Number of protein chains: 2
Amino acid sequence: MRIGELSERTGTPRRLLRYYEEQGLIVADRLPNGYRVYDESNVDRVAQIRGLLDAGLPTRIIKQILPCLNKPRIIHFPDATPEMLATLEEERDRMTERIRFLTRNRDAVAEYLVAVREKLAAGSA
Amino acid sequence: MRIGELSERTGTPRRLLRYYEEQGLIVADRLPNGYRVYDESNVDRVAQIRGLLDAGLPTRIIKQILPCLNKPRIIHFPDATPEMLATLEEERDRMTERIRFLTRNRDAVAEYLVAVREKLAAGSA
DNA sequence: CTTGACCTTCACATCAATGTGAGGGTTCGA
DNA sequence: TCGAACCCTCACATTGATGTGAAGGTCAAG
């Protein structure tokens, strides 16, 4: 498929698909006329990228961890340098931290909402 | 305490403390000479803000949910407009989504690391 | 052959979170 | 009274993720 279809199917502006490519997050083949061509796998990949971005990870980190997140559970080890592993561990811990924090705050917000609803119910009763 | 101490105790650049104030996330009293003064509660508050920022929430949303996250479990209801409640619900759901996504990916990264370690152990054995 | 819907690159704009520094007051101790 | 260590505001710079548009190539259908 070309960029327009991928854009529609992932709900991602073309501009960003090009940007992700520029950042090395996705790769596109080219038709003889220069048009980008994508295969199915890119749909999932873009979704993954967007999710990670939305989760607050910067593209340069996403670039590092993406290869470890392949669907086929065949972990193909890229040049797994020690520093890269260190980065990954850091990032894993950062994610864990984030999850903890986010969960705490989500729960607080949720509790608040419940409390407000009760208040409202009591008030209107 | 003045801005310098708060900065040190929260590990946050002064610049950002002023920025958070500008964004309405924290409030500071002023000494007669114009210096900002903070009390203890601001230390936690800043930590909270930084955590939420790090979790990917923009300041304008943080501003909305902060009032619902007070330590003393006395939920004091601000002008809880219906739209604000709607925003909060949306944000709660967004956070939940984020947590889910983040968890999945964190686990994937973690698994990857374990696999690599095993590989390395096998190789060196 | 032209029109319209694609695609390309390039480049400038924006927004939020930050960095950085200029220019200038206050306070306190040597 | 001078210097160091604070504080202030103002304002421009930067970075990452985006928006937007110009100038132009490709291609299928009328």
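None of the values given here were measured: they were computed from a predicted structure.
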Check: Can you find a side chain N or O atom of B/Arg14 that sits less than 4.0 Å from OP1 or OP2 on D/dA5?
Finding: no
Next item on the list: Return the value, rounded to whole Å, for the distance between atom CZ of A/Arg18 and atom P of C/dA11.
Entry: 15 Å
Next item on the list: Specify the separation, in whole Å, of atom CD1 of A/Ile49 and atom C1' of D/dT18.
Entry: 15 Å
Note to self: Distance check needed: D/dA17 C1' versus A/Glu21 CD, whole Å only.
What the structure shows: 17 Å
Next item on the list: Let me know the distance between CD of B/Glu22 and P of D/dC10, rounded to the nearest Å.
Entry: 10 Å
Next item on the list: Please report, rounded to the nearest Å, how far the P atom of D/dA17 is from the CG atom of A/Leu25.
Entry: 8 Å
Margin query: C/dT27, OP1 or OP2 - any side-chain N/O from B/Asn33 closer than 4.0 Å?
Written below: yes
Check: A/Tyr35 or A/Tyr19: which one's nearest nucleotide on DNA chain D is closer to the 5' end?
Finding: A/Tyr19
Note to self: In this structure, how many angstroms lie between the C1' atom of C/dA16 and the CD1 atom of B/Ile62, rounded?
What the structure shows: 11 Å
Notebook entry, point to check: Between A/Arg36 and A/Glu21, is there a side-chain N and carboxylate O pair less than 4.0 Å apart?
Noted result: yes
Checklist line | Length of the CZ-P vector between B/Arg2 and D/dA5, whole Å | finding: 14 Å
Next item on the list: Would you indicate, yes or no, if C/dT8 has its OP1 or OP2 atom less than 4.0 angstrom from a side-chain nitrogen or oxygen of A/Arg36?
Entry: yes
Checklist line | Short side-chain N/O contact from A/Arg15 to OP1 or OP2 of D/dT20, under 4.0 Å | finding: no
Notebook entry, point to check: Hey, what do you get for CD1 (B/Ile49) to CG (B/Leu57), rounding to the nearest 0.5 Å?
Noted result: 12.0 Å
Note to self: In this structure, would A/Leu25 and A/Tyr19 fall into the same cluster of hydrophobic residues linked by side-chain contacts under 4.5 Å?
What the structure shows: yes
Item checked: Under-4.0 Å salt bridge between A/Glu5 and A/Arg9 -> yes
Check: What nucleic acid atoms does B/Leu31 come within less than 4.0 Å of, heavy atoms only: base, sugar-phosphate, or nothing?
Finding: nothing
Margin query: Without decimals, in angstroms, what is the distance between B/Ile3 CD1 and C/dT26 P?
Written below: 18 Å
Next item on the list: Remember a base hit wins even if backbone is also touched, and classify B/Arg30 as base, sugar-phosphate or nothing at under 4.0 Å, heavy atoms.
Entry: sugar-phosphate
Notebook entry, point to check: So does B/Arg94 pair up with B/Glu97, basic N to acidic O under 4.0 Å?
Noted result: no
